[in-house]
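Worksheet: one structure, shown below.
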Amino acid sequence: MKTKYKMNNIISALLVLMVSVLSYSCDDDANLNPAIDVMVSENTDLNINSGKPNDLIIAEGNDLQDVKTVTFRALSAPEENIVDVVFNPVLNSKLAIMFNVPFDETKGSEFGAQVVTITNKDGDVITHDFNLIQPEPTIGVFSPERPKANETVSISGEWFQNVISVSFAGSLVDYTIISSTEISIVVPDGTVLGSDVTIVTDGGEVTAFLDIDIGYNLYLVADFDGGGLRPNNNWITYGDAGPLDYVTGGPSGTFAQFQWLGDNSNGYNGCQSDATETMVVESDPEKVMFLIDVNCNGKIGSVAEFLIVDRDGGNWAFRHEFTEDGWHTIETPVAAFGANYDPENQGSGDVDPTQINQVKVTIAEWGANPSTVQFDNIRFHGFY
């Protein structure tokens, strides 16, 4: 039945109308018996006698000329909740009438079973059953755009009727329906990362990413999984460096593994990517934090030195000795980095965070021999 009545395009409908208009002049109005056989939506994914708001509908039947009004009413709504259809009488013929499915909440539109009433100029009334289908919801914007934990955020969009659930980061959250275009939620306590918000309704579901304001901007240098300002794993070694490898596993996927195997012919070693654009907006070295996830892979006594480089070629160093095995995060203000490759040189001023454009990882050659430094997720937090 569905295949029989489906029209592939509006041209087919127009041909029906043109033919019927030409034949209309020969009809005898005294013998009219108006009737609707079927209603077909331009949305060919839907069954006959059904549609979504604003879908173009072709009502096919007999003796449909001189239609005066078309109305929709949800069967679940009161008798007075009548929604008028605006249609073009030029496209009205004895065989078909075309109109767009109305939806007006102020007049009581509801989704589900409807009765469509068509009245012609002589007062003849035709009724036909129709199923008004709820569209999938959409998300427009969040307000505020970057809410904090425990803060209320408004979600604007469309088709928020018949909401089943709202979730954040995969967990259900309480929500308040303000209208069919606005829902509010409270960002869960303890949230420190942005995540997806998903709204599920009778019409389907929609997901959008909600960023979270945690008091700082995050500047990811490299995560060795394709993210950050240095997305390619193109680091190189220099000096007395041993092998540099990229290994699957670690805290969040691929990580870098750098080794020093005891060679001290140069007296120094390291690995680095090429320099990039400056990274950090905040300028206070006490407020900008350097973070990196590290592990010595069982080489207790390894000593890593992390260097941040500014646009003038200045190298600022921070030292970390591994006293235990296992992944952990180093977090320190860039003010703790010493000037001129010397972690202990705290008397020569601080690096300007807005000029940082490169990070290096080195191994002290007086530590464990051999030494290993595994590292991942190099980033800066710029507090504001």
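Side chains of N54 and N100: a donor-acceptor N/O pair is absent below 3.5 angstrom, by distance only. Looking at E282 and Y219, their side chains do bring a donor and an acceptor atom within 3.5 Å of each other. Checking S41 against N43 by side-chain atom types alone, no donor-acceptor pair falls below 3.5 Å. Counting only N and O atoms by type, the side chains of N47 and S50 include no donor and acceptor under 3.5 Å apart. No side-chain donor from either of Q355 and D310 sits under 3.5 Å from a side-chain acceptor of the other. Inspection of the T198 and E205 side chains reveals no N or O donor paired with an N or O acceptor under 3.5 Å. Looking only at atom types and distance, the side chain of T71 has no donor-acceptor partner in the side chain of D84 under 3.5 Å away. Side-chain atoms of N234 and S273 include no donor-acceptor pair closer than 3.5 Å.
Taking the six-membered ring where tryptophan is involved, the planes of H328 and F322 are perpendicular, since the angle between them exceeds 60° and thus also 30°. Ring planes of F306 and F290: tilted class, angle from 30 to 60°. Note on ring orientation: taking the six-membered ring where Trp is involved, the planes of F255 and W327 are perpendicular (angle over 60°, cut-offs 30° and 60°).
Residues A368 and I300 come closest through the heavy atom pair CB-O, 3.7 Å. The two residues W159 and E136 come nearest to each other via the heavy atoms CD1-O, 3.6 Å. Between F168 and L210, the shortest heavy-atom contact is CE1-CD2, 4.1 Å.
Around the CD atom of E324, the shell of radius 6.0 Å holds no more than 12 heavy atoms that belong to other residues, nucleotides or ligands. Within a 6.0 Å radius of NZ in K360, other residues, nucleotides and ligands contribute more than 12 heavy atoms. Atom CZ of R146 is surrounded by more than 12 heavy atoms from other residues, nucleotides or ligands within 6.0 Å. No more than 12 heavy atoms of other residues, nucleotides or ligands lie within 6.0 Å of CG in D174, so this atom counts as exposed by the packing criterion.
Atom CG in D202 sits 4.5 Å away from atom CD1 in I164 (nearest 0.5 Å).
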Might you work through the side-chain contact (heavy atoms from CB on, under 4.5 Å) test for Q65 and D63, ending with a clear yes or no? CA-CA 6 Å; Q65 58 267 30; D63 294 334; 4.2 Å; yes
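Under 4.0 Å is where a charged nitrogen must lie from a carboxylate oxygen, and between D223 and R379 no such pair does. Between K68 and D124 there is no salt bridge, since no side-chain N of the basic residue sits under 4.0 Å from a carboxylate O of the acidic one.
With ring centers used as reference points, F103 lies under 6.0 Å from F111.
The side-chain hydrogen bond (donor to acceptor under 3.5 Å, both in side chains) with E365 is formed by just one residue from the set N266, N264, N269; it is N269.
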